[in-house]
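Take a look at the structure set out below.
Basis for what follows: all heavy atoms, side chains included, without hydrogens, waters or symmetry-related copies.
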Amino acid sequence: MRQTLPVLLAATILCSCTSPSQSSATIENRPDSTSGDIAESTAEPSTAQATYTIAPVFENLEHPWSMTWLPNGDILITERPGRLRLVRDGELQPDPIPGVPEIFAQGQGGLLDIALHPDFAENNLVYFTYSDGTIDANRTQIARATFDGDRLSNWEVIFQVSQDKPRAQHFGARLTWLPDGTLLAAIGDGGNPPIELDGEFIRQQAQNTASHLGKVIRINDDGSIPADNPLANDPNAAPEVWSYGHRNIQGLAIDPETGRIWASEHGARGGDEVNRLEAGANYGWPIATHSREYSGGLISPETSIPGAIDPQAIWTPSIAPSGLAVYRGDRFPGWRGNLFAGGLVSGDVRRFEVDDAGDIVSEETIAIGQRVRDVRQGPDGLLYVLTDEDNGQLLRFEPAE
């Protein structure tokens, strides 16, 4: 298969670190723009070095968004326009998998994240996030379907955001399973549109616990609500809410060894974040943020407020962080426990070292040269990257010989 990848292939790559200082944005970096300055972070530069190659696996994906591995080693990949693709025996199959219904695929919306049920080997259930509706009234939904190896059936919507929003932005939509078999899903703030609440129109949906917008929600595998959700007994809150004060989470991952839950989140003009999530916690948006309005003005004069958790890392200018992975494989021993975050605007992967207390202590920039949409650890212990392009590609990090 022809490979024309604008990335550094089959070369030894040494640590390339960002500066620990924080800079101010001088150009507008919208989260899904195709250009922008590489951001600086508040994290200290990494002193670790590793050698590896970045190898192409295949191309010909149209704006891929997420991937997951089947027990037999096949890969399922979502394409944002609304297609599900299958990689079998290492080859991308030419035809999409049947069974995906028509979805709202405009702007940032479309077929988004994918996750297998923890008991997939027994029940064949696959979970999806996607956008539904029209340009004037749309929402994030979660559905599950049965996959028999060739097609999907029994598509069932198990959750939808409680209110519609206009425009095609800020769907969030990352998924991760918790050890107890419940499902976390990141829901974007929808672009912060005003909604009516008790006769008043408000723009702080992320702080409004009665709304699903700007939240991480937690549900059971059938969409029912766990009785021990942190706000389940609050009559003024949506019972699905697990954490709040988020703008647009695009990366969500759990460390299988420590149980820590991490999220990477888009700011507006600057102020992208990496957060360590806790049940019931407030992460501040939009009343505490390092972001500025796209016009340049302040969103809020506060960057930290009592009762809200501060981010572990901040990028200004924006890198538009995307998929997030915690590495726990054995092919890169020096990377065990590290976080890997993709960058859409910056066209790279950021590697974070995390100390025993669960705090980020350093950051490394790994150039890719394309918009990075997802980063995952494969069952083979290697790292895989999806690039968000018209001709999107699957890349693989391999130890250098």
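- Between Tyr130 and Trp155, the ring centre distance stays below 6.0 Å.
- In this structure, the side chains of Asn60 and Asn391 come closer than 4.5 Å at one or more pairs of heavy atoms.
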Residue pair Ile368, Leu395: steps toward the side chain to side chain contact (heavy atoms under 4.5 Å, CB included) verdict: CA-CA 9 Å; Ile368 299 296; Leu395 310 176; 3.9 Å; yes
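- In terms of the side-chain contact (heavy atoms from CB on, under 4.5 Å) criterion, Asp95 has no residue partners (sequence neighbours excluded).
- Counted by atom type alone, Glu363 and Trp315 present one or more donor-acceptor pairs between their side chains at under 3.5 Å.
- Using a 4.0 Å cut-off between a side-chain N of Lys or Arg and a carboxylate O of Asp or Glu, Lys215 and Glu240 do not qualify as a salt bridge.
- No hydrogens or angles considered: nothing links the side chains of Asp132 and Gln160 as a donor-acceptor pair under 3.5 Å.
- Residues meeting the side-chain contact (heavy atoms from CB on, under 4.5 Å) test with Asn72, sequence neighbours left out: Leu70, Asp74.
- The side-chain heavy atoms of Ser131 and Asn138, taken from C-beta on, include no pair separated by under 4.5 Å.
- Under the 3.5 Å distance criterion, with hydrogens and angles disregarded, no donor-acceptor pair is assigned to the side chains of Arg80 and Gln108.
- For the pair Asn220 and Thr182, the tightest heavy-atom approach, listed with the atom from each and the gap, is OD1-CG2, 3.5 Å.
- Checked for salt-bridge contact, Arg371 and Asp348 miss the test: no charged N lies under 4.0 Å from a carboxylate O.
- With 3.5 Å as the limit, one finds no donor-acceptor pair spanning the side chains of Thr129 and Gln141.
- Residues Arg83 and Glu62 are paired through a salt bridge, judged by an N-O separation under 4.0 Å between the basic side chain and the carboxylate.
- Residues Phe128 and Leu84 are in side-chain contact: their nearest non-hydrogen atoms beyond the backbone lie under 4.5 Å apart.
- Heavy-atom minimum distance, Asn229 versus Pro239: ND2-O, 2.9 Å.
- At a threshold of 4.5 Å between non-hydrogen side-chain atoms, the residues Ile314 and Asp272 do not count as touching.
- The nearest pair of heavy atoms linking Leu152 to Ala145 is CD2-CB, 4.1 Å.
- A salt bridge links Asp228 to Arg218: one of the charged nitrogens lies within less than 4.0 Å of a carboxylate oxygen.
- The minimum heavy-atom distance between Gln393 and Gln370, with the atom names listed, is OE1-NE2, 2.7 Å.
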- prompt: How far apart are the C-alpha atoms of Leu324 and Leu252, what are their side-chain angles, what is the distance that settles it, and do they pass the side chain to side chain contact (heavy atoms under 4.5 Å, CB included) test?
  reply: CA-CA 6 Å; Leu324 189 66; Leu252 187 65; over 6 Å; no
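- The pair Asp255-Arg260 does not meet the salt-bridge criterion, since no charged nitrogen lies less than 4.0 angstrom from a carboxylate oxygen.
- With respect to the salt-bridge test (charged N to carboxylate O, under 4.0 angstrom), the residues Lys165 and Asp136 do not qualify.
- The distance between the ring centers of Trp69 and Tyr384 falls below 6.0 angstrom.
- Among residues two or more places apart in sequence or in another chain, the side-chain hydrogen bond (donor to acceptor under 3.5 Å, both in side chains) test is passed with Trp285 by Asp189.
- Relative ring orientation between His117 and Tyr127 is described as tilted, the plane-to-plane angle lying within the 30° to 60° band.
- Contact of the Phe58 side chain with the Val87 side chain is registered, since non-hydrogen atoms from C-beta on lie closer than 4.5 Å.
- Of all non-hydrogen atoms in Gly342 and Ile319, the two that sit nearest each other are O-CD1, 4.4 Å.
- Between Arg247 and Glu265, none of the side-chain N atoms (NZ, or NE/NH1/NH2) sits under 4.0 Å from a carboxylate O, so this pair counts as no salt bridge.
- Side-chain contact check for Tyr52 versus Phe332: some heavy-atom pair is nearer than 4.5 Å.
- In this structure, Ile77 and Leu61 have side chains that are in contact, with non-hydrogen atoms separated by less than 4.5 Å.
- Of all the heavy atoms in Pro321 and His266, the pair that sits closest is O-NE2, 2.7 Å.
- When side chains are defined from C-beta on, Val216 counts as touching Leu277, because their heavy atoms get closer than 4.5 Å.
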